[in-house]
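Take a look at the structure below.
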Amino acid sequence: AAKVAVCGLGGLGSHIAIMLARSGLGGLKLIDFDVVEPSNLNRQAYRVSDLGKFKTEALKEQIAEINPYTQVEIHTLKIDENNLKELFKDTNIVCEAFDRAEAKAMIAQNFHRYFANQVLICASGLAGYGDSNAIQTRKIAKNFYVCGDLVNGAKVGNGLMAPRVNICAAHQANLVLELLAK
């Protein structure tokens, strides 16, 4: 019966949402402003037939095929300090899955001003390939967790690769399920 928001529907967010739908989550709130592009197909849960669609709409279609009992609410917009308070008022847990450091910082710095008792799960450090076990889930503060290795940011020669992105997405989805089961 829970509702989880997934903010950013790229490599992390698209896989988090699908894992939660496959696990039987009752409600998802999917938030992104971007469209599916060819460069997304190497690590994101989209298909060639999704090219040009808003990520929110493409993912809602996929989830309906995977688990029609998961209620999916979409918001095709960019999250900022002005709409954050309204977007998350009816959610149990929020998963941050942004690409840009500025967006990650914005939600991490502002979320608990409005939602002291809601959980925020962020991600940091999942670029490249290599040590899978370096990606971990860490409790940073009350109701605030970070998944990743906290080191490997995307840069030239060390881009985002599907395996590490998916490992981190699985960490976030697993933590959601663990917290909801308590």
Side-chain angles (χ1 to χ4, degrees), residues 1-36 40 43-47 50 53-100 102-124 126 137 142-148 165-166 168-182:
K3 183 185 280 188
V4 174
V6 181
C7 309
L9 301 176
L12 278 173
S14 62
H15 289 287
I16 292 167
I18 286 174
M19 285 184 231
L20 292 174
R22 288 186 189 283
S23 299
L25 186 73
L28 282 167
K29 183 179 284 196
L30 306 178
I31 309 165
D32 199 304
F33 62 91
D34 208 358
V35 297
V36 180
N40 301 146
R43 69 189 179 284
Q44 299 180 13
Y46 301 104
R47 306 163 290 203
D50 293 325
K53 294 179 185 176
F54 282 110
K55 290 180 178 180
T56 50
E57 294 170 3
L59 199 53
K60 183 176 182 175
E61 289 172 12
Q62 279 193 51
I63 290 170
E65 293 174 14
I66 292 166
N67 182 353
Y69 302 106
T70 296
Q71 299 297 309
V72 178
E73 175 184 337
I74 61 172
H75 295 270
T76 306
L77 53 76
K78 188 172 185 175
I79 299 170
D80 59 32
E81 293 175 43
N82 298 317
N83 60 18
L84 185 132
K85 185 176 180 181
E86 186 66 25
L87 280 172
F88 305 123
K89 66 181 181 184
D90 62 343
T91 58
N92 301 92
I93 296 174
V94 173
C95 289
E96 173 273 316
F98 295 137
D99 291 335
R100 299 179 47 82
E102 298 83 10
K104 290 175 175 295
M106 182 281 301
I107 198 166
Q109 292 169 358
N110 291 291
F111 183 81
H112 286 113
R113 286 192 317 165
Y114 304 113
F115 306 105
N117 295 316
Q118 284 178 245
V119 173
L120 175 64
I121 304 170
C122 294
S124 179
L126 46 128
T137 301
K142 179 184 179 234
N143 296 325
F144 181 51
Y145 299 82
V146 176
C147 300
V165 170
N166 278 314
C168 191
H171 271 259
Q172 286 183 273
N174 186 61
L175 181 57
V176 167
L177 297 174
E178 179 184 342
L179 293 171
L180 291 174
K182 284 185 177 180

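Quantities reported herein were computed from a predicted structural model and do not represent experimental measurements.
Distance check: Ile31 CD1 to Phe88 CZ gives 4.0 Å after rounding to the nearest 0.5 Å. Here Asp80 contributes atom CG and Met106 contributes atom CE; the two are 6.5 Å apart, rounded to the nearest 0.5 Å. Rounding to the nearest 0.5 Å places NZ of Lys85 at 8.0 Å from CZ of Phe115.
Gln62 and Asp50 get closest at one heavy-atom pair: NE2-OD2, 3.4 Å. The shortest heavy-atom contact between His15 and Arg43 is NE2-O, 3.2 Å. Contact detail for Val35 and Lys55: the closest heavy-atom pair is O-CE, 3.6 Å. Closest non-hydrogen pair, Ile93 versus Ile121, comes out as CG2-CD1, 3.8 Å. Listed here is the closest heavy atom pair of Gly10 and Asp32: N-OD2, 4.2 Å. Across all their heavy atoms, Asn110 and Glu81 have their closest contact at ND2-CG, 3.5 Å.
Counting non-hydrogen atoms of neighbouring residues, nucleotides and ligands closer than 6.0 angstrom, the CZ atom of Arg47 exceeds 12 such neighbours. The 12-atom threshold is not exceeded at CZ of Phe54, counting heavy atoms of other residues, nucleotides or ligands nearer than 6.0 Å. With a 6.0 Å radius and a threshold of 12 heavy atoms from other residues, nucleotides or ligands, Arg100 has its CZ atom at or below the threshold.
Between the side chains of Thr76 and Glu57, no donor-acceptor pair of N or O atoms lies under 3.5 Å.
For the pair Lys78 and Phe33, the cation sits on the ring face: its NZ or CZ lies under 6.0 Å from the ring centre, inside 45° of the axis.
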*asked:* Under the criterion side chain to side chain contact (heavy atoms under 4.5 Å, CB included), I'd like the reasoning laid out for Ile16 against Met19: C-alpha separation, chi angles, the key distance, then a yes or no.
replied: CA-CA 5 Å; Ile16 292 167; Met19 285 184 231; 5.8 Å; no
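Put simply, the side chain of Cys122 reaches to within 4.5 Å of the side chain of Phe144, judged on heavy atoms.
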